[in-house]
Amino acid sequence: MSKIALLGMGAMGSRMAKALIEAKHTLHIYNVVGNACEPIVAMGAKAFVTPREAAVGVDFVIAMVWDDAASAYVWLDPEIGAMQSLSKGAVAIECATLTVEHEARLMKAAEAQDVEFVSAPMSGSLPEADAKTLIFTTGASKQAFSKVEPILMAMGQKINHAGDPLDGISLKLLINSKLALEYAAMAEMIAFLLASGKDAKRYLEIAASTAPFSARGIREARYMLDGNETSRVKINQLIKDSANHIAHCKTHGVPCHMTEAANLVFRKASAAGFGDLDAVALARIYREQTAQYQAA
């Protein structure tokens with residue numbers, strides 16, 4: 001079993017920590033708000049005051065935080081960042097969905113420390129984290145991939161090797177951009193079915209049997225119909241991830257009109273106070289706008 005530091009005890013990080021403990025790994029943990037560590041400490045982890053202290057003597061450090069700024073803090077802060085604690089042979093694993101530019105900085109810092117950097121963002125949200133069925137899109141050297149695969153498998157069901165270290169995050173941004181489009185398309189479809197007086201559930205089941213509809217999109221559409229807004233993927237998260245994808249596309253001169261349109265829809269939902277709700281709440285925005293159009 002390995003000695004692992006996990007930085008970030010949010011909704012996903014805490015579930016990942018639980019899975020690693022259940023797999024019998026020795027776990028060091030850190031969170032900027034210390035009391036978030038308490039349930040995981042009760043399971044057998046050891047909490048530390050700083051990321052640097054948590055990373056001392058471990059084989060792997062995994063970060064699962066919100067954005068580039070939070071990631072830079074836990075990895076690179078000159079006073080408490082974890083990167084400087086890592087010794088040769090250790091592996092730095094970033095699991096959050098961040099920008100390619102930031103992860104390039106992490107890779108460079110890891111190289112300076114003579115450790116391997118792995119980008120391993122995951123697909124799946126809270127239900128998949130609970131069930132240990134996350135799918136990791138992993139960018140790593142072949143040597144590093146062989147090291148991290150059993151660690152990631154403790155938390156997921158499939159580990160895809162996308163290519164070199166930055167290929168993991170590059171592909172994950174594409175995946176999350178498609179997810180944003182899926183939510184927007186389903187919200188628009190549900191709004192039409194309801195407004196036109198159709199048997200929405202029956203029509204949705206018919207659509208589910210056809211090629212254009214993914215299982216994930218149909219699942220979220222059902223949640224929209226049922227009003228199930230249990231937090232899985234927040235609207236603000238899709239704003240962040242789709243914006244990062246748009247920026248990355250522009251570095252290659254690629255237009256991304258569809259993603260920009262979806263990003264605008266989500267930003268309008270956030271401006272209306274829906275940002276911290278699950279993305280299925282987008283259906284409510286569509287229903288409200290439909291009512292306004294009908295009234296006009």
Single-linkage hydrophobic cluster F48~V58, side-chain heavy atoms < 4.5 angstrom: no
Check against salt bridge (charged side-chain N to carboxylate O under 4.0 Å, His left out), E128 and R219: CA-CA 14 Å; E128 290 77 19; R219 185 187 83 174; 3.1 Å; yes
Any side-chain donor near an acceptor of the partner, H248 and T99, under 3.5 Å: no
Sub-4.5 Å side-chain heavy-atom contact between C95 and F136: yes
Check: A5 main-chain N/O paired with H28 side-chain donor or acceptor under 3.5 Å: no
Test item: side-chain donor near acceptor, T259 and S177, under 3.5 Å: yes
CG on L76 to NZ on K108, rounded to 0.5 Å: 11.5 Å
Validation row: L126, M12 side chains within 4.5 angstrom (heavy atoms): yes
Whether Q113 side chain and L86 backbone form a donor-acceptor pair below 3.5 Å: yes
Within-4.5 Å side-chain heavy-atom neighbours: Y30 and L6: no
Backbone N/O of P127 and side chain of D130: donor-acceptor pair under 3.5 Å: no
Side chains of Y286 and M189 in contact at under 4.5 Å (non-hydrogen atoms): no
Sidechain-backbone polar pair: N31 side chain, C37 backbone, donor-acceptor under 3.5 Å: no
Rounded distance [0.5 Å steps], CZ in F274 versus CD in E229: 7.5 Å
Residues R232, D278; criterion salt bridge (charged side-chain N to carboxylate O under 4.0 Å, His left out); working and verdict: CA-CA 6 Å; R232 291 168 293 268; D278 188 81; 3.5 Å; yes
Check: G217 main-chain N/O paired with E220 side-chain donor or acceptor under 3.5 Å: no
Trace of the side-chain hydrogen bond (donor to acceptor under 3.5 Å, both in side chains) decision for S270 with N236: CA-CA 7 Å; S270 184; N236 282 341; 2.9 Å; yes
Closest heavy-atom pair and its distance - E182, S214: OE2-OG, 3.1 Å
Donor-acceptor contact present, side-chain E53 to main-chain T50, <3.5 Å: yes
Side-chain (D226) to main-chain (N228) donor-acceptor, under 3.5 angstrom: no
For F117 against L166, the heavy-atom pair lying closest together: CE2-CD2, 4.5 Å
No-hydrogen, no-angle side-chain donor-acceptor test under 3.5 Å, N176 and K172: yes
Main-chain N/O of D167 paired to D164 side chain as donor or acceptor, under 3.5 Å: no
Check: T137/N160 side-chain N/O donor and acceptor closer than 3.5 Å: no
Test item: R15 side-chain N/O and M9 main-chain N/O as donor-acceptor pair under 3.5 Å: no
Exceeds 12 heavy-atom contacts within 6.0 angstrom, atom NZ of K18: no
Nearest heavy atoms of A200 and L194, plus distance in Å: CB-CD2, 4.1 Å
More than 12 heavy atoms from other groups under 6.0 Å of CD on Q294: yes
Distance-only polar pair, side chains of S119 and E103, donor-acceptor under 3.5 Å: yes
Distance-only polar pair, side chains of Q237 and W66, donor-acceptor under 3.5 Å: no
Salt bridge (charged side-chain N to carboxylate O under 4.0 Å, His left out) assessment of K250 paired with E260: CA-CA 12 Å; K250 288 182 177 178; E260 288 175 335; 3.6 Å; yes
Expected output: side-chain D67 to main-chain A70 donor-acceptor under 3.5 Å: yes
Inter-residue atom distance H25.NE2 - I4.CD1, 0.5 Å rounding: 4.5 Å
